[in-house]
Amino acid sequence: MRISIASDHAGFEQKQQLVDYLVFRGHDVADRGPDSDDRVDYPDYAVLVAGDVAEGRADRGVLVCGTGIGMAMAADKVAGVRAANIVTPEFAALCREHNDANVIALSGRFVELSENEKILDAFLETAFGEGRHAGRVEKIMALDEC
Ligand code: RB5
């Protein structure tokens, strides 16, 4: 799978490790930065990953900041993106099955790396449930026009 990933300073260390993990798992990974843990503003990096997903350069996006909250808020502003801030593998599976999330926002400060790896596995391996969920996701996407 083609995956675009980025972080801010608070998520930098885990982002570096998650890039290695995703490559090890056989994914085609585009690291959109940053290249150091110097202080940066998370929306500047969220938009890079969100743009990759919205414009078809990546199948999924992964963002890491302190909590994942700001990254999710920023990425979800980009039309075509369904971003979810996720801190458990169970919610990672549900954001795929029910919401067809295409960007995940992780916490680098409050969730251990090993747990974020499990979260990513669930996010990347769970299919959208279709059926009753499809119309609801269509209604979410119609809000891009508001
Ligand atoms: C940076 O201090 C922090 O605000 C950021 O990483 C993130 O948690 C925002 O939602």
Side-chain angles (χ1 to χ4, degrees), residues 1-25 27-129 133 136-146:
M1 197 176 283
R2 294 170 307 154
I3 299 172
S4 177
I5 186 169
S7 72
D8 70 356
H9 50 284
F12 175 76
E13 189 179 330
Q14 280 214 25
K15 187 261 288 178
Q16 297 302 98
Q17 292 167 308
L18 291 170
V19 167
D20 291 344
Y21 180 72
L22 291 168
V23 169
F24 176 74
R25 300 280 286 180
H27 296 288
D28 176 6
V29 181
D31 183 350
R32 305 292 259 128
D35 297 326
S36 78
D37 64 359
D38 291 350
R39 195 161 292 274
V40 293
D41 295 333
Y42 57 81
D44 297 337
Y45 289 88
V47 73
L48 299 177
V49 166
D52 282 345
V53 172
E55 292 164 25
R57 290 184 292 276
D59 303 305
R60 301 274 170 81
V62 178
L63 293 163
V64 194
C65 67
T67 58
I69 295 169
M71 284 292 202
M73 287 180 171
D76 206 63
K77 293 282 186 190
V78 175
V81 167
R82 293 175 297 281
N85 178 203
I86 297 294
V87 295
T88 69
E90 292 77 11
F91 273 36
L94 286 167
C95 82
R96 288 288 312 132
E97 191 182 330
H98 287 208
N99 315 111
D100 200 16
N102 52 15
V103 172
I104 193 166
L106 304 174
S107 167
R109 280 185 175 155
F110 297 93
V111 178
E112 296 292 328
L113 176 66
S114 59
E115 191 72 356
N116 273 332
E117 290 174 347
K118 289 180 197 155
I119 286 169
L120 277 187
D121 288 344
F123 176 65
L124 297 173
E125 291 166 12
T126 304
F128 179 44
H133 306 297
R136 296 165 185 164
V137 171
E138 281 172 21
K139 288 185 179 185
I140 293 175
M141 299 322 289
L143 297 174
D144 279 345
E145 309 305 320
C146 291

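Ligands are counted one by one from 1 in listed order, and the atoms in each one are counted from 1 as well. Along the sequence shown, residues are numbered consecutively beginning with 1.
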Revision key, fill the gap. The protein heavy atom nearest to atom 8 (O) of ligand 1 is Thr67 N, 3.0 Å
Point to revise | Min side-chain heavy-atom separation Leu106-Gln14 under 4.5 Å | key: no
Practice item. Tell me which protein heavy atom sits closest to atom 10 (O) of ligand 1, plus the residue, atom name and distance to 0.1 Å. Key: Gly70 N, 2.8 Å
**Study point:** Neighbour count above 12 (heavy atom, 6.0 Å) for Asp35 CG
**Key:** no
Point to revise | NZ/NE/NH1/NH2 to OD/OE distance under 4.0 Å, Lys15 and Asp31 | key: yes
Review point. Is it the case that more than 12 heavy atoms not belonging to Phe91 sit under 6.0 Å from its CZ atom?
Key: no
Check your understanding: Backbone, side chain, both or neither: what part of Arg109 comes under 4.0 angstrom of ligand 1, heavy atoms only?
Key -> side chain
**Study point:** For Arg82, the option from Asp100, Asp144, Asn99 that meets side-chain hydrogen bond (donor to acceptor under 3.5 Å, both in side chains)
**Key:** Asp100
Practice item. Please state which part of Cys65 comes within less than 4.0 Å of ligand 1, counting heavy atoms only: side chain, backbone, both or neither. Key: both
Practice item. Below 4.0 angstrom from a heavy atom of Ala10, which ligand 1 atoms are there? Numbered from 1 as shown, please. Key: 6 (O)
Exercise for review: May I ask you to test the Asp121-Arg25 pair for a side-chain heavy-atom distance under 4.5 Å?
Suggested key: yes
Practice item. Compare Met73, His9, Arg39, Met71 and give the one whose heavy atom is closest to atom 1 (C) of ligand 1. Key: His9
Practice item. Give the residue, atom name and distance (to 0.1 Å) of the protein heavy atom nearest atom 4 (O) of ligand 1. Key: Tyr42 CE2, 4.3 Å
Study note, to complete from the structure: Looking only at protein heavy atoms, what sits closest to atom 5 (C) of ligand 1 is Asp8 OD2, 3.2 Å
Revision key, fill the gap. Numbered in order shown, the ligand 1 atoms found under 4.0 Å of a heavy atom of Gly66 are 5 (C), 6 (O), 7 (C), 8 (O)
Exercise for review: With the side chain counted from C-beta on, respond yes when Leu124 and Ile3 share a heavy-atom pair under 4.5 Å apart, and no when they do not.
Suggested key: yes
